[in-house]
J.: 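Before we start, here is the structure in question, set down as structure tokens.
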Amino acid sequence: INCAADPRPSFRRVRAFGTAIGEFLAGQDMRVTLVGSGGLSHDPPTPRIDHSDPGKTQRLIDRATPTQADLDAGSVTNIATAQSGPVTSPSSTVTVNANQQPAMALTKATTTPQARENGNGTYTANFVITLTNTGNVTLFDLAITDMLPGLGSLGCDVLAASLAPGQTRTCTATLILDAHQEENAT
């Protein structure tokens with residue numbers, strides 16, 4: 001529908017056309033993208049996204065909501081075609097790069113601010129290590145290493161191979177000190 005320059009159709013005609021398209025598309029079992037052209041006999045002065053104000057272009061792009069898989073992949077590609085009866089247009093493809101922001105936070109705390117005496121000349125200190133994905137992409141191949149000498153192995157609540165945005169993994173560890181080490185601990 002030519003809505004950029006004369007001759008423009010009446011509102012009633014445009015609404016009837018839109019209603020007919022809507023009714024047809026409602027019966028389809030697929031997502032459909034409508035692409036318009038200036039027609040076969042003329043080329044009205046319609047705005048083009050590749051020559052538009054960057055702010056307006058960004059508003060159009062921002063209306064699409066990427067999935068987590070799109071962010072993880074680094075981009076989303078859209079392919080569109082148009083059809084009218086037996087005529088099909090060549091496809092048009094556009095790829096929009098994702099704004100990937102990988103980030104994580106690691107915190108370590110103790111659940112025993114003062115080493116606990118075990119009664120056999122040893123003392124116990126317990127630690128909790130928490131890893132949080134603070135970015136917007138899924139992190140893979142996770143590993144937590146603690147360099148504290150004598151610290152037992154980390155017990156994690158499933159330190160999975162991946163960590164989605166906002167997800168947290170918690171690990172615990174125990175340090176056993178003898179009386180001499182406990183006196184010199186800082």
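Because only heavy atoms are used, hydrogens play no part in the values below, and waters and symmetry mates are left out as well, while side chains stay in.
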J.: Is there a path of hydrophobic side-chain contacts, each under 4.5 Å between heavy atoms of I, L, V, M, F, W or Y residues, that connects Val128 with Leu148?
T.: no

J.: Quick test of your reading: applying side chain to side chain donor-acceptor pair (under 3.5 Å), list the pairs with at least one residue in residues 99-109, sequence neighbours left out, ordered by first then second residue.
T.: Lys108-Asp146

J.: Determine, step by step, whether Thr124 and Leu175 satisfy the side-chain contact (heavy atoms from CB on, under 4.5 Å) criterion, reporting the C-alpha distance in whole Å, the side-chain angles of both residues, the deciding distance to 0.1 Å, and the verdict.
T.: CA-CA 6 Å; Thr124 300; Leu175 177 65; over 6 Å; no

J.: Rounded to the nearest 0.5 Å, what separation is found between the CZ atom of Phe140 and the CG atom of Asp72?
T.: 5.5 Å

J.: If I compare all heavy atoms of Gly135 with all of Pro165, which pair ends up nearest, and what's the gap?
T.: O-CB, 3.3 Å

J.: Does the side-chain contact (heavy atoms from CB on, under 4.5 Å) test come out yes or no for Ile21 and Thr19, once each step is laid out?
T.: CA-CA 5 Å; Ile21 290 173; Thr19 299; over 6 Å; no

J.: When rounded to the nearest 0.5 angstrom, what distance separates OG in Ser162 from CG in Asp141?
T.: 9.5 Å

J.: Just so I know, are the side chains of Asp70 and Ser75 near enough to count as touching, which here means a heavy-atom distance under 4.5 Å?
T.: no

J.: Does Gln167 reach the main-chain N or O of Ala164 with its side chain, forming a donor-acceptor pair under 3.5 Å?
T.: yes

J.: Measure the spacing between CG of Leu163 and CG of Leu142 and express it to the nearest 0.5 Å.
T.: 5.5 Å

J.: What heavy-atom pair brings Ala98 and Leu71 nearest, and what distance separates the two atoms?
T.: CB-CD2, 3.8 Å

J.: Taking the side chain as every heavy atom from C-beta outward, state whether Thr172 and Asn126 have any pair of such atoms under 4.5 Å apart.
T.: no

J.: Only one of Thr132, Thr134, Asn133 clears side chain to side chain donor-acceptor pair (under 3.5 Å) with Thr168; which?
T.: Thr132

J.: With rounding to the nearest 0.5 angstrom, report the SG to CD1 distance, Cys171 to Ile144.
T.: 4.0 Å

J.: Run the side-chain contact (heavy atoms from CB on, under 4.5 Å) test on Leu151 and Phe127 for me, step by step, so that the C-alpha distance in whole Å, both residues' side-chain angles and the decisive distance to 0.1 Å come before the verdict.
T.: CA-CA 9 Å; Leu151 187 67; Phe127 298 93; 3.8 Å; yes

J.: Using 0.5 Å steps for rounding, measure from the OG1 atom of Thr170 to the CG atom of Leu154.
T.: 11.5 Å

J.: If you group Ile, Leu, Val, Met, Phe, Trp and Tyr by side-chain heavy-atom gaps below 4.5 Å, do Leu139 and Leu106 land in one group?
T.: yes

J.: What I want to check is whether the side chains of Thr81 and Thr88 have a donor and an acceptor closer together than 3.5 Å.
T.: no

J.: Report the distance from atom OG1 of Thr138 to atom CD of Gln68, rounding to the nearest 0.5 Å.
T.: 4.5 Å

J.: Val76 vs Thr95, test: side-chain contact (heavy atoms from CB on, under 4.5 Å). Steps then yes/no.
T.: CA-CA 6 Å; Val76 61; Thr95 298; over 6 Å; no

